[in-house]
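Only heavy atoms go into these numbers, but all of them, side chains included; no hydrogens, no water, no symmetry mates.
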Amino acid sequence: MTAPLFSGRARRSVAALGAVSAGLLLLSACGEKPTPLATVTVGTSSVSAEASCHNDDGKELSMDQVQECLTNLKNPKTIEYARGDTLRLGVEPEIVENGKRWSAVLDGQPITEPSSNTYRSFPGADVFATGGQGEAPSSKKLAFLQIDEAGKPLAVWSFNLKLK
């Protein structure tokens, strides 16, 4: 009968340390720093995403790039939304550092003024209201637009709101 070389707890600790090390190695190997996260919360559900459009050098996006990002969202995270739910929008502090601001855009139309706050809440908002002009769509494109101190666009985060 032989005694185990390592206890179960030690094996798990070594495995966890190995997994963390491998993850850090992979992140450093890709050479790209992840962008800060933007988050959409409806009720108890939240989705977060990195920027879907940005320049790696931190320079501004052209208006054509912004328009492309707003109309053709790249793999947006989806969250379900029911009429009357509270819609909460949040960004990591890095998004609003050094005079930068952000604004929310729904189906290409701004729904917030540029802000340096990291959080906005819209209690009971009906983002699917049509104003009596036909049937509501089943989903809407929601984007966060980061702008610099001069009002130039820097990045876009993409989400999809799906009507429950």
Side-chain angles (χ1 to χ4, degrees), residues 19-20 23-131 136-164:
V20 168
L24 290 173
L25 181 62
L26 286 174
L27 279 176
S28 66
C30 69
E32 237 182 79
K33 179 182 168 194
T35 61
L37 297 177
T39 302
V40 176
T41 303
V42 177
T44 59
S45 299
S46 290
V47 291
S48 296
E50 287 188 35
S52 54
C53 298
H54 70 286
N55 288 323
D56 291 332
D57 57 8
K59 299 212 182 209
E60 68 185 69
L61 297 171
S62 70
M63 290 315 288
D64 288 340
Q65 287 174 305
V66 172
Q67 191 59 40
E68 176 70 18
C69 290
L70 293 177
T71 55
N72 298 315
L73 302 181
K74 300 175 185 174
N75 302 320
K77 299 279 183 134
T78 299
I79 189 165
E80 288 190 339
Y81 179 88
R83 288 186 166 94
D85 281 347
T86 297
L87 179 65
R88 295 176 181 90
L89 311 177
V91 298
E92 288 188 342
E94 185 179 332
I95 293 173
V96 295
E97 288 177 345
N98 303 319
K100 297 174 190 156
R101 297 170 291 157
W102 68 281
S103 179
V105 177
L106 186 65
D107 279 349
Q109 299 298 315
I111 60 170
T112 66
E113 292 292 321
S115 173
S116 59
N117 294 327
T118 58
Y119 176 79
R120 299 288 308 260
S121 179
F122 303 91
D126 187 359
V127 298
F128 286 93
T130 62
S138 60
S139 67
K140 290 212 172 198
K141 298 173 185 177
L142 175 65
F144 294 18
L145 182 63
Q146 180 189 37
I147 56 176
D148 66 13
E149 345 29 80
K152 307 281 186 192
L154 298 172
V156 178
W157 287 258
S158 306
F159 298 91
N160 189 37
L161 293 178
K162 183 179 175 188
L163 185 60
K164 277 188 190 178

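Under the 3.5 Å distance criterion, the side-chain polar atoms of Asp148 are matched with a main-chain donor or acceptor of Gly151.
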Return a table of donor-acceptor pairs under 3.5 angstrom between the side chains of residues 95-103 and protein atoms on other chains or two or more places apart.
from: Trp102; atom 1: NE1; to: Asn117; atom 2: O; distance (Å): 2.6
from: Ser103; atom 1: OG; to: Thr112; atom 2: O; distance (Å): 2.8
from: Ser103; atom 1: OG; to: Thr112; atom 2: OG1; distance (Å): 3.4

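Separating the CH2 atom in Trp157 from the NE2 atom in His54 is a distance of 9.0 Å, to the nearest 0.5 Å. One distance of note links CG of Leu89 with CZ of Arg120; it measures 8.0 Å at 0.5 Å rounding. The line from NZ of Lys141 to CD of Gln109 is 12.5 Å long, rounded to the nearest 0.5 Å. We find the CG-CG distance between Asp85 and Leu163 to be 10.0 Å, quoted to the nearest 0.5 Å. Taking CZ from Phe159 and OG from Ser52, the interatomic distance works out to 8.5 Å, rounded to the nearest 0.5 Å. Of the inter-residue distances, the one linking Glu68 atom CD with Ser62 atom OG reads 10.0 Å to the nearest 0.5 angstrom.
In terms of heavy atoms, Ile79 sits closest to Val42 at CD1-N, 3.7 Å. Pairing each heavy atom of Thr86 with each of Ser121, the nearest pair is CG2-OG, 3.5 Å. Residues Lys162 and Phe128 come closest through the heavy atom pair C-CZ, 4.1 Å. Pro93 and Thr118 make their closest contact through CA-CG2, 4.0 Å (heavy atoms, listed as atom of the first residue, atom of the second, distance). Shortest non-hydrogen contact noted between Leu154 and Leu61 is O-CG, 3.6 Å. What you find for Tyr119 and Arg88 is that their closest heavy atoms are OH-CD, 3.0 Å.
When the side-chain hydrogen bond (donor to acceptor under 3.5 Å, both in side chains) test is applied to Ser116, no partner is found at least two apart in sequence or on another chain. Every residue was checked against the side-chain hydrogen bond (donor to acceptor under 3.5 Å, both in side chains) condition with Glu80, not counting sequence neighbours, and none meets it.
The shortest side-chain heavy-atom distance between Val40 and Leu161 falls under the 4.5 Å cut-off. By the 4.5 Å heavy-atom criterion applied to side chains, Leu142 and Val127 are not counted as neighbours. Two residues are said to be in side-chain contact when any heavy atoms from C-beta on lie closer than 4.5 Å; Glu94 and Thr35 fail this criterion. Contact check for Asn160 versus Lys140: no side-chain heavy atoms found under the 4.5 Å cut-off.
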Do Gln146 and Val91 pass the side-chain contact (heavy atoms from CB on, under 4.5 Å) test, and can you show the C-alpha distance, the side-chain angles, and the key distance before you say yes or no? CA-CA 10 Å; Gln146 180 189 37; Val91 298; over 6 Å; no
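For Glu149, the CD atom counts as densely surrounded, since its 6.0 Å shell holds more than 12 non-hydrogen atoms of other residues, nucleotides or ligands.
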